[in-house]
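Note that the coordinates shown come from a computational prediction; the quantities given were computed from them, not determined experimentally.
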Amino acid sequence: NCERFAPSLDVIAHVLESCFPRYGLHIIGAGDPSGIGALILKHAQSAPIRAYSLAASQGMEDICIASSEFTFQVTMDTVSEVDALRMGAVYLWRLFMLHANVLDTLKKMLSLLPAFHEPNGSCTSKDQQNLVIAWREAAGSIICKPAPQRTTTDDLIIVFGTFRGQT
């Protein structure tokens, strides 16, 4: 496996921020899977904010978009001043808005209650009321956790899986 020979983000940053300008080089085809953007993406899962900020500092829009999904692993208060300055105001704002929009969307999705139906022998109106109470408790447990924007599909299945067959 040649992965171990890939340059670190520090080396990539040095090349992009020091060597490229010094020798008048320009990034061409940053989104090319075989180019320098691909090297940055290889680090996106293990160092999402650093990868995003490095790509942003070079105006690599495609790489920023691709690496942004990994930023949900961390909270926005972990963005260092160095990374914030590196990515610049526009990309920092985009990252904050992405996290805020994901959280708002999650809240909206969880606020949708199961639909009521006419009571019958196997599901009375009391059963439906109990389901709504349990649903709200489950939704609250997700929204009130320390970083709800990091909620995964698996988390939702675990929390709401007990409701299967009750709606």
Salt bridge flag under 4.0 Å for residues Arg94 and Glu61 | yes
Charged N to carboxylate O below 4.0 Å: is that the case for Asp155 and Lys145?
-> yes
Side-chain contact, heavy-atom cut-off 4.5 Å: [X] with [Y]?
| X | Y | result |
| --- | --- | --- |
| Ser57 | Leu16 | no |
| Gln58 | Ile36 | no |
| His43 | Leu54 | no |
| Phe160 | Leu110 | yes |
| Ser67 | Leu41 | yes |
| Thr124 | Gln129 | no |

Out of curiosity, [X] [atom1] to [Y] [atom2], how far, rounded to the nearest 0.5 Å?
| X | Y | atom1 | atom2 | value |
| --- | --- | --- | --- | --- |
| Leu112 | Trp135 | CG | CH2 | 8.5 Å |
| Ile49 | Arg86 | CD1 | CZ | 12.5 Å |
| Leu156 | Thr151 | CG | OG1 | 6.0 Å |

Begin from the C-alpha positions of Ser8 and Asp10 and carry the test side-chain hydrogen bond (donor to acceptor under 3.5 Å, both in side chains) through to its verdict.
-> CA-CA 5 Å; Ser8 69; Asp10 290 334; 4.7 Å; no
Start with the C-alpha gap between Ser122 and Asn120, add the side-chain angles, then the distance that decides, and say whether side-chain hydrogen bond (donor to acceptor under 3.5 Å, both in side chains) holds.
-> CA-CA 6 Å; Ser122 63; Asn120 57 41; 3.1 Å; yes
Residues two or more places apart in sequence or in another chain: which of them pass side-chain contact (heavy atoms from CB on, under 4.5 Å) with Gln73?
-> Gln45, Pro48, Phe70
What's the verdict on side-chain contact (heavy atoms from CB on, under 4.5 Å) for Met76 and Thr71, showing C-alpha distance, side-chain angles and the deciding distance?
-> CA-CA 8 Å; Met76 291 306 294; Thr71 65; 5.8 Å; no
Pairs where residues 75-94 contributes a residue and the test ring-ring contact (aromatic ring centres under 6.0 Å, His included) is met, not counting sequence neighbours = none
Which heavy atom of Val102 sits nearest a heavy atom of Phe72, and at what distance?
-> CG2-CZ, 3.4 Å
Evaluate the side-chain contact (heavy atoms from CB on, under 4.5 Å) criterion for residues Ser141 and Val159: first the C-alpha distance (whole Å), next the side-chain angles of each, then the deciding distance (0.1 Å), finally the verdict.
-> CA-CA 9 Å; Ser141 72; Val159 172; 4.2 Å; yes
Residues Met87, Val79; criterion side-chain contact (heavy atoms from CB on, under 4.5 Å); working and verdict | CA-CA 10 Å; Met87 71 178 74; Val79 176; 4.3 Å; yes
Same apolar cluster: Leu98 and Leu103, side chain cutoff 4.5 Å = no
